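Here's the structure, in structure tokens; my notes come after.
Only a predicted model underlies this, so the values are computations on that prediction, with no experimental measurement involved.
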Amino acid sequence: MKSFGEIIRQAREEKKLILRQVGAELDIDQAIISKFERGERKPTKEQVQKFADFYNLEIDKLLIAWLSDKVIYDLENETLAEEAIKVAEQRIKYQRIIKSNSNE
């Protein structure tokens, strides 16, 4: 699975665009876009949406890459990372059930 940066770099290269062109279209500094592509900086959710719209990428796919990058960044050096992710997944499912039941 590709990272957010890999996805947007590939999309830019396929369209044969330079960073300056993308930056001008999205109103994001080209140096920041370069850092996004290299994984040195994380975009906001709003910026992720801008990239999806500009490159005509599936927003869900791009959001999943962005979210997974955030998780990896926070947990990559933790020895209990995988177990923590499993627990978090269970808690998310539980919270959705609780919210669903309260909306009925």
Original post:
Between Ser3 and Ala65, which heavy-atom pair has the shortest distance, and what is it?
Top reply: C-CB, 4.2 Å

Show the atom names and distances, to 0.1 Å, of all donor-acceptor pairs under 3.5 Å that link a side chain in residues 7-33 to residues at least two apart or in another chain.
from: Gln10; atom 1: OE1; to: Lys2; atom 2: NZ; distance (Å): 2.2
from: Gln10; atom 1: NE2; to: Glu14; atom 2: OE2; distance (Å): 2.9
from: Arg12; atom 1: NE; to: Glu37; atom 2: OE2; distance (Å): 2.7
from: Arg12; atom 1: NH1; to: Leu17; atom 2: O; distance (Å): 3.0
from: Arg12; atom 1: NH2; to: Glu37; atom 2: OE1; distance (Å): 2.9
from: Gln21; atom 1: OE1; to: Ile18; atom 2: N; distance (Å): 2.7
from: Asp29; atom 1: OD2; to: Ala31; atom 2: N; distance (Å): 2.8
from: Gln30; atom 1: OE1; to: Arg20; atom 2: N; distance (Å): 3.3

Original post:
For atom NZ of Lys50, is the number of surrounding heavy atoms from other residues, nucleotides or ligands below 6.0 Å larger than 12?
Top reply: yes

Subject >> Connected hydrophobic set around Ile64, excluding itself, where side chains approach under 4.5 Å >> reply: Met1

**OP:** Share the residues that join Tyr94 in a hydrophobic cluster, the rule being Ile, Leu, Val, Met, Phe, Trp or Tyr side chains under 4.5 Å apart at the heavy-atom level.
**Re:** Ile98

Subject >> Approximate separation, where rounding is to 0.5 Å, of Phe36 CZ and Asp69 CG >> reply: 11.5 Å

Using atom types as modelled, flag every donor-acceptor pair under 3.5 Å from a side chain in residues 71-84 to any protein atom, sequence neighbours excluded.
none

Subject >> Contact list for residues 84-102, test salt bridge (Lys or Arg N to Asp or Glu O under 4.0 Å), sequence neighbours left out >> reply: Glu89-Lys93

Original post:
Quick one: salt bridge (charged side-chain N to carboxylate O under 4.0 Å, His left out) partners of Lys45, sequence neighbours excluded?
Top reply: none

**OP:** For Arg38, enumerate each residue passing the salt bridge (charged side-chain N to carboxylate O under 4.0 Å, His left out) test, keeping only those at least two apart in sequence or located in another chain.
**Re:** Glu40

**OP:** Could you pull out all residues at least two apart from Ser68 that satisfy side chain to side chain donor-acceptor pair (under 3.5 Å)?
**Re:** none

Subject >> side-chain hydrogen bond (donor to acceptor under 3.5 Å, both in side chains) partners of residues 53-67, not counting sequence neighbours, each pair once >> reply: Gln49-Asp53

